[in-house]
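Scroll down for the structure; my scribbles are underneath it.
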Amino acid sequence: MENGLISVDRWTAGSQVYFLTHLHSDHTQGLTSGWARGPLFCSRLTAKLFPTRFPDFDLTLLRVLDIGVWNSVPLVSPSSGSRTVARVMAIDAHHCPGAVMFLFRGDFGCLLYTGDFRWETTGERAKMARAMLVNALNGRTVDNLHLDNTYCNPSYDFPPREVAAQEIVNLIASHPKHDVVIGIDSLGKEDLLLHIALSLGIKIWVWPERLQTMHILGFHDTFTTKTSLTRVRAVPRYSFSIETLEALNATRPTIGIMPSGLPWVVRPVKGDANLSGSHLTARYKKRQLSGSSTGVEKLHQYMYSVLYSDHSCFSEIQEFMELVQPTIVKGIVCSSACYVEPLYFFGRLCGVFSVDSHVQTKRRSERAADVEINKSAAESGVEAVRKKMRSRAYYAAGGVKVSRTSVLRRLSRGAKIMDNDSAD
DNA sequence: GCGATCAGCT
DNA sequence: CACAGCTGATCGC
């Protein structure tokens, strides 16, 4: 199969143009400061943040795409030499600063690559992104969808980030004498920290590199690297464990907060005979939907987990699927905890079932794609899917290639298996 | 010695 | 089992 002319979040040779959805490292694997394979399209904010990740990168290779505007990308077919033009629009993915999805139109039809995204139904930004996508689609549907399927399972249900953020504010306010540490990554969760700072009228400590990032993002007063100025500190998540929290409590009363779409549990450290040590492990746990239930869970004497996610929950993915009505869909996350081929749940919304995927066989580094824009290849891809769809075994499996054990595992976790499992 | 890749861990 | 990301070992240059 001919290499795609366009790569999204993929940095191997063979494409004429490259697109980056956002700067999280699992989307930049293979991208280095010395990279020079061709023009790299990204959002304005991602371009601004670029030097923080790739200090010596040749910035003249960057092509900024403004949000919500169609751009033309001229391409030359490597086989025939004929010229063609693809059009592309960047749309706010509401995932982390600079994150966008890319909507492509061309000979190959209409292709949407979501990157990582959060499709909330409330809030101004979410409504704007929705309106922008609806406007760009202009009544048409998406032929080919590459979907952030991180939480593509009905088991995953969490509130909008505004709600989760307020719960975190309440939690901090109910511990007025405590220091607070919050685990974050190198990009993302800024809105949460701003909400905390604004609501409580305080500054928030961050580590020096993170302060630089905050300044690039335009937050000049809220964050500080002076510990004496605040009791709330945002720390790198990897440096943050029950043990560090216990050590901190030897000096000052301190609580820890883990914002995440995955609930956490506390586990003893392997090989620790004394069982004194412990660490955090993400694990799916069925939550009670009682009225008193919130996204806040006390994991430990000092540690709280809060369901705050920069990825869409299941119902949001469902909303999104109903809007774009893709003909073909492929998950970009191939090894999440509960990987399910997206059409396992959404098959009835789509014209064709999913192209074959690598269920639970690929690592997360595979979250990227050559976008196949060769027309005949795209058509033969559709034909291949249709052919596969005609096979009895495929229908019998409900359109999903998963092992029996994996189905049982999902059942044992309480996931709802929809009743079109064997029918239709 | 340096970058790329991977194992291991959180 | 891990949202995303760190550290350290190893390998080829």
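Sequence lines set the chain letters: A, B, ... in the order given, protein chains first and strands last, and positions in each chain run from 1. Everything numeric here is computed off the predicted structure, so don't read it as measured data.
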Consecutive-pair stems (3 or more, Watson-Crick or G-U, under 3.5 Å) for DNA chain C: B:1-10 with C:4-13

Cationic N near anionic O, under 4.0 Å, Glu190(A) to Arg210(A): yes

Ion pair Asp92(A)/Arg125(A), N-O distance below 4.0 Å: yes

Pairing residues for Asp185(A) by the salt bridge (Lys or Arg N to Asp or Glu O under 4.0 Å) criterion, not counting sequence neighbours: Arg237(A)

Contacts of type salt bridge (Lys or Arg N to Asp or Glu O under 4.0 Å), residue Arg231(A), not counting sequence neighbours: none

Euclidean distance, atom [atom1] of residue [X] to atom [atom2] of [N] [Å, nearest integer]:
X         : N       : atom1 : atom2 : value
Gln29(A)  : dA7(B)  : CD    : C1'   : 14 Å
Arg237(A) : dC9(B)  : CZ    : P     : 17 Å
Glu243(A) : dT10(B) : CD    : C1'   : 11 Å
Phe240(A) : dC9(B)  : CZ    : P     : 21 Å

Test side-chain hydrogen bond (donor to acceptor under 3.5 Å, both in side chains) applied to Asp58(A) - qualifying residues, sequence neighbours left out: Thr60(A)

Listed by chain and number, what are the ring-ring contact (aromatic ring centres under 6.0 Å, His included) partners of [X], not counting sequence neighbours?
X         : answer
His175(A) : His178(A), Tyr304(A)
Trp205(A) : none
Trp70(A)  : none

Side chain to side chain contact (heavy atoms under 4.5 Å, CB included) against Thr122(A), all qualifying residues, sequence neighbours excluded: Pro160(A)

Determine all donor-acceptor pairs shorter than 3.5 Å in which one atom belongs to a side chain in residues 40-53 of chain A; sequence neighbours excluded.
unit_1	atom_1	unit_2	atom_2	d
Ser43(A)	OG	Thr46(A)	N	3.2
Ser43(A)	OG	Thr46(A)	OG1	3.0
Ser43(A)	OG	Gly98(A)	O	2.7
Arg44(A)	NE	Asp66(A)	OD1	3.1
Arg44(A)	NH2	Asp66(A)	OD1	3.2
Arg44(A)	NH2	Asp66(A)	OD2	3.3
Thr46(A)	OG1	Gly98(A)	O	3.0
Thr52(A)	OG1	Leu49(A)	O	2.6
Arg53(A)	NH1	Leu23(A)	O	3.1
Arg53(A)	NH2	Ser186(A)	OG	3.0

Might you list the N or O atoms of the protein lying below 3.5 Å from N or O atoms in nucleotides 6-13 of chain C, with each pair's distance?
none

Run the side-chain donor-acceptor check on residues 222-230 of chain A: report pairs under 3.5 Å with partners two or more places apart or on a different chain.
unit_1	atom_1	unit_2	atom_2	d
Thr224(A)	OG1	Lys226(A)	N	2.9
Thr230(A)	OG1	Lys203(A)	O	2.6
Thr230(A)	OG1	Val232(A)	N	3.0

Under-4.0 Å side-chain N/O to phosphate OP1/OP2 contact, His27(A) with dA4(C): no

Side-chain N,O (His95(A)) to OP1/OP2 (dA4(C)) below 4.0 Å: yes

Under 3.5 Å, which N/O atoms of the protein pair with N/O atoms of nucleotides 2-6 of chain B?
none

